Trainee: 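Sharing a structure, written as structure tokens. Questions coming.
Keep in mind the model is a prediction, meaning the values are calculated, not measured. Below, chains carry the letters A, B, ... as their sequence lines are ordered, and counting in each starts from 1.
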Amino acid sequence: MSTEITPSANEVRQLNFIEEIIEKEKKSEELPIVHTRFPPEPNGYLHIGHAKSICLNFGLAKKYNGKCNLRFDDTNPTAEDVEYVDSIKEDVHWLGFDWEDRMFYASDYFQQIYDWAVLLIKKDKAFVCDLTAHEVSDMRGNPNIPAKPSPYKNRTVEENLDLFERMKNGEFSDGSKTLRAKINLASPNMHMRDPVLYRLLRASHHRTGNKWCIYPMYDFAHGQSDYIEGITHSICTLEFEVHRPLYEWFLEALELPLPRPRQIEFARLNLTYTVMSKRKLLELVKSNYVNGWDDPRMPTICGLRRRGYTTESIRNFAEKIGVAKRENIIDVSLLEFCIRENLNKKANRILGVLNPLKVVITNYTENTEEELEAINNPENANAGTRKIPFSKELFIERDDFMEEPPKDYFRLKPGGEVRLRYAYYIKCENVIKNTKTGEITEIHCTYDTESKGGKTIDGRKVKGTIHWVSAKNAIECEVRLYDRLFKSENPESGQDFKEDLNPDSLKVVTGFVEPFIISAKAGEKYQLERIGYFNVDKDSKPDNIVLNRTVTLKDTWSKNLKR
RNA sequence: UGUUCGAUGGUGUAAAGGUAGCACCACAGAUUUUGAUUCUGUUAGUCCAGGUUCGAAUCCUGGUCGGACAACCA
């Protein structure tokens with residue numbers, strides 16, 4: 001036995017199972033080139049699960065120097081629309097993939113597919129059936145009981161040819177006839193029990209208009225479309241596993257010359273605290289549980305984009321989750337890790353307060369203002385610095401002051417000293433309260449005049465550093481605080497997923513942000529120091545900047561508090 | 001129930017008969033002008049029972065558990 005092991009193949013063998021199949025084919029030289037496709041039906045917006053598939057298909061093509069097509073699987077005009085076509089193109093591009101001149105539609109192949117149907121009839125492998133959908137369903141049997149044959153199955157080839165052509169010509173009403181394959185009524189695989197190939201459907205198609213009144217079913221269109229485009233690996237999700245015998249049966253029955261495409265199935269992505277089915281997503285949109293497909297709480301690509309997720313973070317996520325055949329549910333914290341990791345490097349820092357508490361610096365000169373220098377991004381020296389105004393009256397975060405703090409609290413407390421980021425050390429001298437409610441209304445502090453920039457020559461330790469904003473200079477912004485859309489890890493498991501909706505998935509507050517924010521443009525990402533990452537929303541106006549919280553910073557302190 | 005696919009720490013994913021590794025999460029410590037980042041460490045896994053073998057996550061047999069399918073949707 002001559003075994004030939006290439007060292008490189010030995011070293012980097014961490015391939016997913018599809019790559020292994022391809023490597024094997026390459027070795028046996030069965031494979032001229034890798035050609036994949038991403039085949040969405042234009043009946044909804046793409047979501048993070050599609051992103052996995054897109055990254056897989058385009059990624060495989062790239063890795064093996066092949067090509068990947070974009071193909072709209074538009075064989076059901078009743079559900080499809082150009083609105084979806086446009087959004088899908090935008091989203092695939094945004095993910096950084098390019099189908100070049102290979103954007104196709106299954107509807108491009110309607111004539112060819114029709115001709116193939118005629119061929120099947122001539123081979124006596126298909127017949128026109130007059131049974132209604134209901135009757136067919138009644139006669140289908142179950143996995144243990146074979147289906148009853150259609151009484152129309154023994155029509156002559158000539159009769160079928162004539163009938164099928166008249167179906168195409170619009171002589172029969174919708175639902176009154178179908179073209180069905182003759183396969184195996186006793187097959188334990190229900191898809192093989194004389195499946196429907198064509199149905200009568202008078203609906204205007206978004207591309208072919210009213211040219212056709214018969215449309216091929218998925219099974220009779222997909223494999224052949226793959227074949228026409230020279231697809232080598234037709235990658236789809238697990239639920240199509242049972243369709244594979246049918247996929248292969250058509251290619252074989254049509255006697256299409258080799259090579260033929262090969263269907264490979266992988267497990268779709270599931271995410272905790274998320275629903276992923278198109279039907280449920282559509283319901284959330286249509287019933288206004290969210291504000292459209294691009295609501296930042298949606299797992300759609302456009303929703304994630306608006307939330308502040310970047311292309312890199314999603315592609316990196318797709319890489320990290322891997323590809324396999326077992327069912328999986330990925331923890332959203334992995335997605336959050338990916339965006340934090342990316343934004344930590346990319347996002348400039350700004351100071352802003354979301355829940356303000358007024359601080360008066362009693363020994364600071366009235367009506368004075370000075371500018372302090374702040375670093376834009378400690379992770380990126382090239383990001384430079386900026387100036388932040390400082391004055392006598394400030395806002396700090398309410399959480400950053402406690403009158404009776406636990407021992408390990410190192411933010412502001414009575415008599416305590418804390419550093420204002422990039423500014424001064426301040427010491428809490430007095431707490432002013434509303435005499436009726438007892439609510440703290442403001443804090444009076446003194447500042448150390450020698451601590452400018454946040455350090456002193458005596459080198460004394462001030463453990464706490466908090467963010468702040470000059471009250472009179474602060475810009476009021478609309479801040480949309482997003483949280484997970486559902487309360488439980490697997491909202492799909494209950495009877496009604498809508499009952500699991502998180503009532504606190506969106507909170508809108510007014511934030512007080514340093515003046516820099518005035519110049520922010522829609523789509524820009526910032527870290528509000530000590531709070532989280534935010535995306536400037538497209539709803540922003542010059543006098544009303546809108547910030548979407550993408551994700552909070554990790555917060556071990558508040559986590560400890562809860563315990 | 002019939003077919004079919006699957007089963008490795010809490011969650012994912014590697015290991016092609018030869019040290020069960022990596023990432024996220026969790027936890028602990030170090031550093032820190034973000035209780036962030038960074039760094040170090042810790043907990044924790046081969047569904048079960050037999051068999052083959054010097055050696056099994058891997059091969060064989062039998063079971064268990066989970067998913068998919070019974071649309072004129074894709």
Trainee: Expressed as a whole number of Å, how far does the C1' atom of B:U43 sit from that of B:G9?
Mentor: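 Those two atoms are separated by 10 Å.
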Trainee: Take atom CD1 of A:Ile531 and atom C1' of B:A36, then tell me their distance rounded to the nearest Å.
Mentor: 12 Å
Trainee: Tell me which nucleotide among B:A14, B:U34, B:A74 gets nearest to the side chain of A:Asp73.
Mentor: B:A74
Trainee: When the P atoms of B:C48 and B:U40 are considered, how many whole Å apart are they?
Mentor: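 Comparing P positions in B:C48 and B:U40 gives a spacing of 34 Å.
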Trainee: Quick check: on RNA chain B, is the nucleotide nearest A:Pro39 upstream (toward 5') of the one nearest A:Asn344, or the reverse? Name the residue that is more 5'.
Mentor: A:Asn344
Trainee: Do NZ/NE/NH1/NH2 and the carboxylate oxygens of A:Lys427 and A:Glu417 come within less than 4.0 Å?
Mentor: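 No, this pair does not count.
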Trainee: In whole angstroms, how far is the C1' atom of B:G2 from the CG atom of A:Asn142?
Mentor: 8 Å
Trainee: Under the 3.5 Å rule, do the base of B:A74 and the side chain of A:His243 count as making a donor-acceptor pair?
Mentor: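 Answer yes: a donor N or O sits under 3.5 Å from an acceptor.
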Trainee: Could you tell me how far B:G12 sits from B:A7 if I compare only their C1' atoms? Round to whole Å.
Mentor: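 Rounded to whole Å, the distance is 14 Å.
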Trainee: With a 3.5 Å distance limit and no angle check, can you tell me whether A:Gln527 reaches the backbone of A:Arg349 through a side-chain donor-acceptor pair?
Mentor: no
Trainee: Tell me whether the OP1 or OP2 atom of B:A36 has a side-chain N or O from A:Thr556 closer than 4.0 Å.
Mentor: yes
Trainee: When the P atoms of B:G55 and B:G45 are considered, how many whole Å apart are they?
Mentor: 25 Å
Trainee: Look at all strands and tell whether A:Ile466 reaches a base, only sugar-phosphate, or nothing, counting heavy atoms closer than 4.0 Å.
Mentor: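 The residue A:Ile466 makes no contact with any strand.
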Trainee: Should A:Lys554 be listed as having a side-chain N or O under 4.0 Å from OP1 or OP2 of B:U34?
Mentor: no
Trainee: May I ask you to evaluate whether A:Thr75 reaches the phosphate of B:A74, defined as a side-chain N or O under 4.0 Å from OP1 or OP2?
Mentor: yes
Trainee: Starting the side chain at C-beta, find the nucleotide from B:C5, B:C72, B:U34 nearest to A:Ala133.
Mentor: B:C72
Trainee: For A:Arg207, check side chain to side chain donor-acceptor pair (under 3.5 Å) against everything at least two apart and list the hits.
Mentor: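 Once residues adjacent in sequence are excluded, the partners of A:Arg207 under the side chain to side chain donor-acceptor pair (under 3.5 Å) criterion are A:Asp108.
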Trainee: If the cut-off is 4.0 Å, is A:Lys278 near the phosphate of B:C73, judged by side-chain N/O to OP1 or OP2?
Mentor: no
Trainee: With rounding to the closest Å, how many angstrom separate the P atoms on B:C65 and B:A49?
Mentor: 16 Å
Trainee: Please report the distance separating the P of B:C22 from the corresponding atom of B:U31, rounded so that it comes out in whole Å.
Mentor: 26 Å
Trainee: Can you figure out which of B:U3, B:C24, B:A70 approaches the side chain of A:Phe337 most closely?
Mentor: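 Closest of the options to the side chain of A:Phe337: B:C24.
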Trainee: Need one value for A:Arg349: base, sugar-phosphate or nothing, where a base atom within 4.0 Å counts as base even if backbone is also close, heavy atoms only.
Mentor: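 The answer is base, as A:Arg349 lies within the cut-off (heavy atoms under 4.0 Å) of a base atom.
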Trainee: Among the candidates B:U13, B:G67, B:U37, find the nucleotide nearest to the side-chain atoms of A:Arg326.
Mentor: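 Taking heavy atoms from C-beta onward, the closest nucleotide is B:U13.
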Trainee: Please tell me if A:Arg199 has a side-chain N or O lying less than 4.0 Å from either OP1 or OP2 of B:C73.
Mentor: yes
Trainee: It should be established whether A:Arg244 places a side-chain nitrogen or oxygen under 4.0 Å from OP1 or OP2 of nucleotide B:C69.
Mentor: no
Trainee: Kindly say if A:Arg530 contacts the phosphate of B:G35, meaning a side-chain N or O under 4.0 Å from OP1 or OP2.
Mentor: yes
Trainee: Picking from B:U11, B:U32, B:A74, which would you name as closest to the side chain of A:Met217?
Mentor: B:A74
Trainee: Taking 4.0 Å as the cut-off, does a side-chain nitrogen or oxygen of A:Arg140 come that near to OP1 or OP2 on B:C72?
Mentor: yes
Trainee: Tell whether A:Arg340 reaches the base of B:U37 with its side chain through a donor-acceptor pair below 3.5 angstrom.
Mentor: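 Check fails, no donor-acceptor contact within cut-off.
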Trainee: Any donor-acceptor pair under 3.5 Å between the side chain of A:Asn189 and the base of B:U3?
Mentor: no
Trainee: Quantified in whole Å, what is the C1' atom distance between nucleotide B:C69 and nucleotide B:A28?
Mentor: 49 Å
Trainee: Over all strands shown, is A:Asn43 touching base, sugar-phosphate only, or nothing at heavy-atom distances under 4.0 angstrom?
Mentor: nothing
Trainee: Any base atoms under 4.0 Å from A:Pro40, or only sugar-phosphate, or nothing? Heavy atoms, all strands.
Mentor: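 Since no nucleic acid heavy atom lies under 4.0 Å of A:Pro40, the category is nothing.
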Trainee: Can you tell me if A:Glu229 uses its side chain to pair, donor with acceptor, with the backbone of A:Asp226 under 3.5 Å?
Mentor: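 The answer is no, because no donor-acceptor pair under 3.5 Å joins these two groups.
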Trainee: Measure across A:Arg484 and A:Val332 and return the closest heavy-atom pair with its distance rounded to 0.1 Å.
Mentor: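 Result for this residue pair: NH2-CG2, 3.5 Å.
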Trainee: Could you tell me how far apart A:Lys325 (NZ) and B:G67 (P) are, to the nearest whole angstrom?
Mentor: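 So the two atoms are 17 Å apart, to the nearest Å.
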Trainee: For A:Tyr422, answer base if it contacts any base atom (sugar-phosphate contacts may also be present), sugar-phosphate if it contacts only those atoms, and nothing otherwise; contact means non-hydrogen atoms under 4.0 Å.
Mentor: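 If one applies the 4.0 Å heavy-atom cut-off, A:Tyr422 turns out to touch a base.
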Trainee: Between A:Asp138 (CG) and B:A70 (P), how many Å, whole number?
Mentor: 16 Å
Trainee: Please compare A:Phe410 and A:Glu341 by the position of their nearest nucleotide in RNA chain B and report the one closer to 5'.
Mentor: A:Phe410
Trainee: Looking only at the side chain of A:Pro143 (C-beta and beyond, no hydrogens), which of the listed nucleotides B:A14, B:A74, B:G2 gets closest?
Mentor: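 Nearest to the side-chain atoms of A:Pro143, counting from C-beta on, is B:G2.
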Trainee: What's the closest nucleotide to the A:Tyr409 side chain, out of B:C24, B:G35, B:U37?
Mentor: B:G35
Trainee: Nearest of B:U34, B:G12, B:U1 to any side-chain atom of A:Asn144?
Mentor: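 It is B:U1.
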Trainee: Between the side chains of A:Glu241 and A:Lys325, is the shortest nitrogen-to-carboxylate-oxygen separation below 4.0 Å, so that they form an ion pair?
Mentor: yes
Trainee: Donor-acceptor pair, distance only, cut-off 3.5 Å: does the side chain of A:Asp448 make one with the backbone of A:Glu450?
Mentor: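 Side chain of A:Asp448 to backbone of A:Glu450, a donor-acceptor pair under 3.5 Å: yes, one is there.
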Trainee: Does A:Arg411 get its side chain close enough to the base of B:G35, under 3.5 Å, for a donor-acceptor pair?
Mentor: yes
Trainee: Is NZ or CZ of A:Lys413 both nearer than 6.0 Å to the six-membered ring centre of A:Phe401 and within 45° of the ring axis?
Mentor: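 Geometry flag: not set, cation outside 6.0 Å or 45°.
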Trainee: Between B:C69, B:A74, B:U11, which nucleotide has the shortest distance from any of its atoms to the side chain of A:Glu41?
Mentor: B:A74
Trainee: Remember a base hit wins even if backbone is also touched, and classify A:Glu265 as base, sugar-phosphate or nothing at under 4.0 Å, heavy atoms.
Mentor: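 It contacts nothing in the nucleic acid.
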Trainee: When you check the gap from the basic side-chain N to the acidic O, do A:Arg530 and A:Glu397 get nearer than 4.0 Å?
Mentor: no
Trainee: Ring-on-base stacking between A:Tyr218 and B:A74, under 5.5 Å between centres and under 30° between planes: is it there?
Mentor: no
Trainee: Quick one: A:Trp557 CH2 to B:U37 C1', roughly how many Å, whole number?
Mentor: 20 Å
Trainee: Dot-bracket for RNA chain B: what is it, with Watson-Crick or G-U pairs under 3.5 Å, [ ] where a pair crosses earlier ones, and | for a pair to another strand?
Mentor: .((((((..((((....[..)))).(((((.......)))))....(((((..]....))))))))))).....
Trainee: Distance check needed: B:A74 C1' versus A:Glu239 CD, whole Å only.
Mentor: 9 Å
Trainee: Closer than 4.0 angstrom, basic N to acidic O: yes or no for A:Arg315 and A:Glu319?
Mentor: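 A:Glu319 and A:Arg315: not salt-bridged.
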Trainee: Looking only at the side chain of A:Asp555 (C-beta and beyond, no hydrogens), which of the listed nucleotides B:U37, B:G35, B:A15 gets closest?
Mentor: B:G35
Trainee: Any donor-acceptor pair, under 3.5 Å, between the side chain of A:Gln527 and the base of B:U34, if you only look at N and O atoms?
Mentor: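 For A:Gln527, whose side chain was compared with the base of B:U34, there is a donor-acceptor pair (under 3.5 Å).
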Trainee: Provide, to the nearest angstrom, the distance between the CD atom belonging to A:Glu327 and the C1' atom belonging to B:C65.
Mentor: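 To the nearest whole Å, that distance equals 14 Å.
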Trainee: Measure NZ/A:Lys177 against P/B:C72 and give the value in whole Å, please.
Mentor: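 After rounding, the gap between these two atoms is 17 Å.
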Trainee: Salt bridge between A:Arg386 and A:Glu373, side-chain N to carboxylate O under 4.0 Å?
Mentor: no
Trainee: Quick check: does any side chain N or O of A:Asp331 sit under 3.5 Å from a backbone N or O of A:Leu334, one acting as donor and the other as acceptor?
Mentor: no
Trainee: Rounded to whole angstrom, note down the P distance from B:U11 over to B:C5.
Mentor: 25 Å
